[in-house]
Each structure stands twice: as structure tokens, then as C-alpha cells.
Amino acid sequence: MLTILFSARPDSWDQYDDPLNDALSDAGIGPFRVVTQAAADEVDYIVYAPDSGLTDFSVFPRLKAVLSLWAGVERIVGNPTITVPLARMVDAGLREGMQEWVTGHVLRHHLGMDAHILGTPGIWTKQVPPLARDRTVAILGLGELGAASAEALVHLGFRVSGWSRRPKALPGMQCHHGAEGLDTCLREAEIVVLLLPDTPATQNILNSRTLDLLPTGAVIINPGRGPLIDDDALLAALDSDRVGHATLDVFRVEPLPTDHPYWAHPKVTVTPHIASETRPATASKVVAENIRRKEAGEPMLNLVDRGVGY
Ligand SMILES: NC(=O)c1ccc[n+]([C@@H]2O[C@H](COP(=O)([O-])OP(=O)(O)OC[C@H]3O[C@@H](n4cnc5c(N)ncnc54)[C@H](OP(=O)(O)O)[C@@H]3O)[C@@H](O)[C@H]2O)c1
């Protein structure tokens, strides 16, 4: 009998109980039980989210793998007590949600919707936006979520460029990599979307130097992670009109403290880390498939490369 410990926010268990049990049954892994508490020496797999509070994995002598429910693993990737494979979440629901959020916020800025939503009644000012084909959007991070968001924007006709660590070729867009590639990407970007993981190499990737490369009035959209941005540099760039607006979903400290300058800044939109959520129905199938693979001796999916931190 396999024991699978569900170690996430306690109130999320209700959402996962049925889909996870169904997906594990469908995967045909033999007898199993999914529990929210177990004796440490009985646990074979841990389905994990950082808000569970679990940090010491050394107490589970039988542990075979840790399966993260989150795509971002910065809070667990350096945990020295994890000596078994660590898989991150790649989920169709997460991908679709991010495509929708990114597309919505890009279109808001592209079309200049604020002028009408927040405009003065009675004032008829016509300002026609360019077509998407004449607007360049840069996506930093071309992984599962960055590539999916880029695909949606290409589909709408935007001129899309992107940046990743390794060279990439994606249909309908310009792909860059390396330090020079970042600068090239930013110099052309009227809208920048951050979908990089939080690693030592990506922290403060948007800083005073790189913000200075952007065309004046560019818009920053960050559904990636808070530490990707040097907050003081961004606030200075907003105040000097170098950057036109920042739509931020993620922050160094969450919830964003009520006295943080982002809340009151007229050129900042704060959303409360809701760009995209792991969806229990689809994510449960990913978890079950990975457990099936491990049990069958097949390579697991979505394994984290601890050397690079994502
Ligand atoms: N706000 C939300 O609700 C929410 C929800 C889910 C995820 N997220 C965030 O989104 C992030 C991206 O998720 P994902 O599933 O798309 O991750 P992923 O598949 O691992 O993709 C990461 C991308 O970033 C690139 N990258 C990493 N380090 C880099 C570096 N030093 N220089 C240049 N490019 C680098 C990778 O390059 P390679 O292709 O060369 O590896 C890859 O293209 C997550 O880490 C998480 O922080 C946010």
C-alpha cells in the first residue's frame, strides 16, 4: 500500500480529495491511500505546496519523490533535506490561466483601456491604438508559461520577442538568449512580461540598467516572481516616466504590506498573486502520472534541475 501525504494548505484538501483519488485510481498504481497526516515512516510520496509549512523532509525514510503543486519551486529547491526527485507543477489549467491573465493585461495596455474606464464623462477624446502587429511585446522566460503566453500573443498578431537561458526557436516570434539577447529584447519592448523563475541568476533582472534600455513609457507586467524586479529602481523609473505603468501580481513579501508604495502609486496595478492557479482536476492527473512513472521505473516528468534552481 502506497501512502501519499498531501501536504499543502489545509483548506485546499477539499478541492483535491476527489480529483487526486480519482486520478491515482485511473493511473493504476495499485493499492494506495492519500492522507493529510501519517506516521513519517509510512510516507512514500509527498504532494507539496509551501504553505503547508513542511520544511524537514529528512524524517521520511521511505520517501520516493516530492511532487510540487506549484510551478515556482524557489522555496523548496535549495532544501537540503530533500534527497529524492523533486517535480514541479506543469499543468494545463495553470498554462491556460496564465495565457488568459497575460493576454488580458497586455490588451489593457495595448488598447489604452484605462483612458475610457477612468476617463471623465462628457470628454470625447479619440486616440486610436496601433494594431497588435505594430506593438512589440517581450516575454522574459520562455518555459511552460512564457511560451504559452507568447503563443497566445502571436495568435493575436503582436510582434513578440522572448528571452530564455538556452537558445530556443518558437513559431512566429524572435527568440533571444544570453546577456546580449536580454538587452536586444528590452530595447524593442513596449510591453515586457516577466515569466522567469526566481533563481540567483534572475533576481533583479529588471534593475536601473535594464529598465533604462526600454523605450520610454514601456509597460512592465510581472506574473513571475517579486524578486525579479529591483523595486526601488522600478519606482524611480515610474516616477521619471521612463516606465509608463507596472502591473504586478507577485512581490518580495506577500501579501504586499499595506504601507508598500506600490499600493498607492498611480502607475502601478497590484493583483494579489492570482495570475494563474494550479487547477486540481488537471494537476491531479499530472501528480498521478508522475507517481505511476516512478513506480514503473520510468523517467519522471517535470523534474527540477537543482543546479540551476528551476
Ligand atoms: N503569478 C502566478 O500566479 C504564477 C503561477 C505559476 C507560476 N508563476 C511563476 O512563473 C514562473 C515560470 O513558470 P514556468 O512553468 O514557465 O517555468 P519554466 O518552464 O521552468 O520556464 C522558465 C523559463 O525561464 C528561463 N530562465 C530561467 N533562468 C533563466 C536565466 N538565468 N536567464 C534567462 N532565462 C532563464 C528558462 O530558460 P530555458 O528555457 O533555457 O530553461 C525558461 O524559458 C514560475 O517559476 C513561477 O515563479 C507564477
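Count residues from 1 along the sequence. Start at 1 and go down the list; that is how both ligands and their atoms are numbered. The structure displayed is predicted, hence computed values, not measured ones.
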With sequence neighbours excluded, tell me which residues meet ring-ring contact (aromatic ring centres under 6.0 Å, His included) with His273.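 None.
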Hydrogens and angles aside, do Arg242 and Thr216 bring a side-chain donor and acceptor to less than 3.5 Å of each other?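 Their side chains do contain a donor-acceptor pair, which is all the 3.5 Å distance test asks for.
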Does a donor on one side chain and an acceptor on the other come within less than 3.5 Å for Thr247 and His109?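 A donor-acceptor contact under 3.5 Å links the two side chains.
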For residues 87-97, dump all side-chain donor-acceptor pairs below 3.5 Å to protein atoms at least two apart in sequence or in another chain.
residue	atom	partner	partner atom	Å
Arg88	NH1	Ala71	O	3.2
Asp91	OD1	Gly93	N	3.0
Asp91	OD1	Thr282	OG1	2.5
Asp91	OD1	Ala283	N	3.4
Asp91	OD2	Leu94	N	3.1
Asp91	OD2	Arg279	N	3.0
Arg95	NH1	Glu144	OE1	3.0

Run the side-chain donor-acceptor check on residues 172-183: report pairs under 3.5 Å with partners two or more places apart or on a different chain.
residue	atom	partner	partner atom	Å
Asp183	OD1	Arg209	NH2	3.0
Asp183	OD2	Arg209	NH1	3.1

Can any side-chain N or O of Asp17 pair as donor or acceptor with the backbone N or O of Leu20 at less than 3.5 Å? no
Protein residues that have a heavy atom under 4.0 Å from any atom of ligand 1, sorted by chain and number: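 Residues near ligand 1: Ala71, Gly72, Arg88, Leu94, Met98, Gly141, Leu142, Gly143, Glu144, Leu145, Gly146, Trp163, Ser164, Arg165, Arg166, Lys168, Leu195, Leu196, Pro197, Ala201, Thr202, Pro223, Gly224, Arg225, Asp249, Val250, His273, Ala275, Ser276, Tyr310.
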